[in-house]
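Before any comments, here is the structure.
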2 protein chains.
Amino acid sequence: MSDTAAKIEARAALLDAAERLLISTGYAEISTRRLAEEAGVNHGLVHYYFGSMDELFAQVLERFTERLIARQRAMYARDVPFLEKWRTAMSYLDEDLESGYQKVWLELQALAWNKPALRDRVVHVDEEWRAVVTEAIQGAVEAYDIDTDTFPVEAIVSLVATFNLGMILERHSGVSTGHRELLAAIDSWLQTLDVGVRS
Amino acid sequence: MSDTAAKIEARAALLDAAERLLISTGYAEISTRRLAEEAGVNHGLVHYYFGSMDELFAQVLERFTERLIARQRAMYARDVPFLEKWRTAMSYLDEDLESGYQKVWLELQALAWNKPALRDRVVHVDEEWRAVVTEAIQGAVEAYDIDTDTFPVEAIVSLVATFNLGMILERHSGVSTGHRELLAAIDSWLQTLDVGVRS
DNA sequence: TATCGTCTTAGACGTATGACTAATACGCTT
DNA sequence: AAGCGTATTAGTCATACGTCTAAGACGATA
């Protein structure tokens, strides 16, 4: 019925263009006209397909997130020690910085601070990530026999989620002081747990 | 010479208005005209006094930060156990959410992501906070005799700074899952250290 | 009281914006 | 090949924007 090749192409072109512009210039400087020009498409199509810029932005984030959540789940599903999974996850932090995903995510959060209608969409992305992290941490707690009396799983998950988010934010603001030291410290702590479990 | 009462008043009115608007609507929806209206001032004064909106925004953040850094230093200077200082610091997190400071800070970070000229100003604020936290953590490490072999002070500072930032960001995006549990876990861990030192 | 520099105002300029519309091109189906 | 529904286009509309300017009000100084 709908969804002809042409329609899909124009939609994708707009989403791709929005993704590029979010990464390079941020939401505040994206107008329908500029976006359409970047996409090589008539500026009327933005409203024709998406109804509003906000809807389009939300779809950019969701599309991008979908890819990475899939990658993350596949990575954590591997049958290797948690230490290795953790290291891979931390290397993804750098990848996702370079790919621009983190920028897209931050831009949409910033947009949602002032647009209640977008809040739920952004919260949902946060929840997806949290779910992935929770499974991973749950596995680590069991594998490494971590004591959860004073530090329950939910607290660990929250700590991991927030310090990751904090690092992402700091990096985009131009600060990375102590990140290397922090990650090194966590890594060596995990090493002791890993060695303990192997012996 | 300059700095007559009137000049100071108009400047302050603009800074106050910008602060309110940053908190309520975000930087993207603040035009010189809207700001001037909110301040009850002619719209030409924005450029007359500040030259640009960016400069004005930066001054809003710096003025606000100055107050809170002073408060924070005074608080940490008290002669009480670190545990109590920590609890006060965590209660400030809620205060600063309600006062709008965190919103102002986040808005300026978001603005700076796409305006390299603002970067240094925002980084400087981050550095001021980091300096305060570093002193506090340094004191805690000595008072509670914390082992810094695997977790050096710089790593601890980075952890505290990033997870705080992450919590602030999550709260503004409408997420607070696990925050209570995380803070409770840290608190009870600090309690064990505090008790250990008193005996 | 006259003067002078600063503060403040109103308004004009060209440009860009989001929202919308009417006309046209395209590509299926029949 | 004709017809029809969707995709696409160009263009209009009032509005708001940042920037700038020229004029006027104010208040301290002399």
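So you know, we letter chains A, B, ... as the sequences are listed, proteins then strands, and number each from 1. Values below: all heavy atoms of this structure, side chains included; hydrogens, waters and symmetry mates excluded.
Heavy-atom distances under 4.0 Å link DNA chain C to A/Ser31, A/Thr32, A/Arg33 of residues 31-39 of chain A, given in residue order.
Residue pairs meeting the ring pair (Phe, Tyr, Trp, His ring centres under 6.0 Å) criterion with at least one partner in residues 54-85 of chain A, sequence neighbours excluded, are A/Phe64-A/Tyr101. Each side-chain hydrogen bond (donor to acceptor under 3.5 Å, both in side chains) pair with one or both residues in residues 30-41 of chain B, not counting sequence neighbours, appears once here: B/Arg20-B/Glu38. Sorted by first and then second residue, the ring pair (Phe, Tyr, Trp, His ring centres under 6.0 Å) pairs with a member in residues 147-194 of chain A form an empty list; sequence neighbours excluded.
B/Glu29 has its CD atom 12 Å from the P atom of C/dG18, to the nearest Å. Remark: P of C/dC7 and NE2 of B/His47 are 17 Å apart, rounded to the nearest angstrom. Atom OH in B/Tyr27 sits about 16 Å away from atom P in D/dC17, given to the nearest Å. Here the P atom of nucleotide C/dA19 and the CZ atom of A/Phe50 are 15 Å apart, to the nearest Å. The distance from atom CG of A/Leu45 to atom P of C/dC26 is 15 Å, rounded to the nearest whole Å. Going from atom CE of A/Met53 over to atom P of C/dT17 covers 10 Å, rounded to whole Å. Between the CG atom of A/Asn42 and the C1' atom of C/dG18 there is a distance of 14 Å, given to the nearest Å.
Out of C/dT9, C/dA19, D/dA7, the shortest distance to the side chain of A/Tyr48 is found at D/dA7.
Here A/Gln191 pairs with A/Asp187 under the side-chain hydrogen bond (donor to acceptor under 3.5 Å, both in side chains) rule; sequence neighbours left out. By the side-chain hydrogen bond (donor to acceptor under 3.5 Å, both in side chains) test, A/Arg180 is found to be paired with no residue, residues two or more places apart in sequence or in another chain being considered.
Residue-to-nucleotide contacts include no donor-acceptor pair under 3.5 Å from the side chain of A/His43 to the base of C/dG18.
Using a 4.5 Å heavy-atom cutoff, the side chains of A/Thr65 and A/Trp105 are not in contact.
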